[in-house]
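Everything on this sheet refers to the single structure shown next.
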Amino acid sequence: MSVDPEAILKRLQEALPGAAIVLRTNPSPSGQHSLLVAGANLIEICRFLRDTPDLAFDFLSNVTGVDWPDPAKADKAAVPAAGEGTPASEGFLEVLYHLYSISRRVGPLVLRARTQDRGDNAKIPSVVSVFRSAEFQEREIFDLYGVEFTGHPDLRRILMWDEYVDHPMRKDYVAPDDYEYEPTPHAAVLDQAQRHYPGTP
Amino acid sequence: MAIDSKLAEDLKSQGVHVTSFESLINWGRSSSLWPLQFGLACCAIEMIAATMAKYDMARFGAEVFRPSPRQADLMIVAGTVTKKMAPQVVRLYNQMAEPKYVIAMGACAISGGPFKEGYNVLKGIDRFIPVDVVIPGCPPRPEALLEGLLTLRAKIAKEKLLGKHRARHADPDGTAAYPVPEFGAHDLEPTANRDIWNPPSVVREAEGGEA
């Protein structure tokens with residue numbers, strides 16, 4: 001059963017009047033609407049959703065990230081970033097949370113939170129204190145996107161090695177050039193071949 | 001050195017088996033290959049199936065999977081070697097005692113396979129350790145692994161213990177250990193062991209035919 005994000009938004013606004021929450025509708029047939037929330041309110045929103053008996057979103061199924069290097073391509077909603085103030089112009093990272101209620105058999109409720117930028121302020125509060133299942137998922141996003149989850153108990157890389165410095169899932173990531181021979185390169189591999197062997201057609 | 005084959009046949013009919021020390025050693029080695037027990041991805045499932053009753057790798061003397069590299073002769077690299085796992089695989093290889101052999105099983109172990117364009121997958125284990133037999137497939141069927149094992153047995157049977165073309169393990173100057181790559185900031189360092197692996201050099205002709 002799917003959730004009604006509008007009703008939940010209303011409940012959240014009644015319970016947490018200070019929190020910045022925007023409903024983002026998804027026009028696709030799947031209609032997976034989401035709630036864009038400010039990072040500063042994320043933990044209290046999660047706790048409210050989990051602990052309110054008739055909502056009972058007791059299961060954080062999935063946490064994932066999105067890189068928005070060009071904010072013009074992101075949606076035009078008033079972007080509640082992690083901290084105070086207006087969103088930065090140079091792009092940001094977004095983290096998505098898929099919440100389910102196992103006891104009520106509904107879901108997913110999609111929460112989205114955005115960082116202020118993609119650099120030093122790429123921070124979002126960790127929800128591990130509410131959903132323990134977020135621990136490894138947040139480590140993965142820290143590893144692959146470079147979002148720093150403040151308050152995370154053990155924020156280390158989980159897939160790549162500790163000495164690694166890149167964030168491979170970011171749009172501007174450039175993989176190391178370990179190109180070798182391909183018998184019939186085409187498309188992206190042909191570009192790679194030409195970069196690797198300059199001057200060849 | 002070589003025995004007249006007719007004489008050998010005659011002796012055999014009388015119950016006397018004549019052979020060379022070399023072929024006796026090689027026969028023993030090829031008939032009891034003990035693989036190192038480790039798997040890296042879905043190819044390992046096929047490897048496990050090959051050891052079980054239906055395919056029964058024990059028929060070829062290679063069923064004794066050893067949990068320690070010190071006791072193993074054969075490393076079956078069964079699956080995707082990620083860059084994070086590659087140093088451990090090389091270290092395990094270094095810890096195996098000579099003579100030792102490597103089978104690269106499946107597309108990933110050979111070249112990175114479907115993950116070749118990825119940032120996290122080693123593009124072939126032959127970049128760091130010498131591979132004796134490659135088995136294509138994604139994953140190869142158990143029969144293919146058995147075929148690879150028989151190919152390796154045939155290769156061992158032809159090994160020379162003396163002379164110029166002797167096997168690596170019979171050569172006092174041969175190396176048993178290869179450098180273990182370090183974790184770098186962007187990739188493994190080095191990305192390949194250039195002493196044993198080099199990409200084919202590509203000479204492309206310009207369009208229009210002038211080389």
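Just the heavy atoms: all of them, side chains too, but no hydrogens, waters or symmetry mates, feed the values below. Naming convention: chains lettered A, B, ... in sequence-line order (proteins, then strands); numbering from 1 in each chain.
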Examine whether an atom of B/K116 lies under 4.5 Å from a heavy atom of chain A, and if so say whether it belongs to the side chain, the backbone or both; otherwise answer neither.
-> side chain
Tell me, yes or no, whether the heavy-atom count around A/I102 atom CD1, taken from other residues, nucleotides or ligands under 6.0 Å, exceeds 12.
-> yes
Minimum heavy-atom separation for B/H186 to A/P176, with atom names?
-> O-CG, 3.9 Å
Count the heavy atoms of every other residue, nucleotide or ligand shown that sit under 6.0 Å from CZ of B/R194, and state whether that count exceeds 12.
-> yes
For B/E143, look at atom CD and say whether over 12 heavy atoms of other residues, nucleotides or ligands are found less than 6.0 Å away.
-> yes
Those residues of residues 166-185 of chain B, ordered by number, that approach chain A below 4.5 Å (heavy atom to heavy atom) = B/F183, B/G184, B/A185
Listed by residue number, which members of residues 146-168 of chain A have a heavy atom under 4.5 Å from any heavy atom of chain B?
-> A/I158, A/L159, A/M160, A/W161, A/E163, A/Y164, A/V165, A/D166, A/P168
Take atom CZ of A/F136 as the centre, draw a 6.0 Å sphere, and report whether it contains more than 12 heavy atoms from other residues, nucleotides or ligands.
-> no
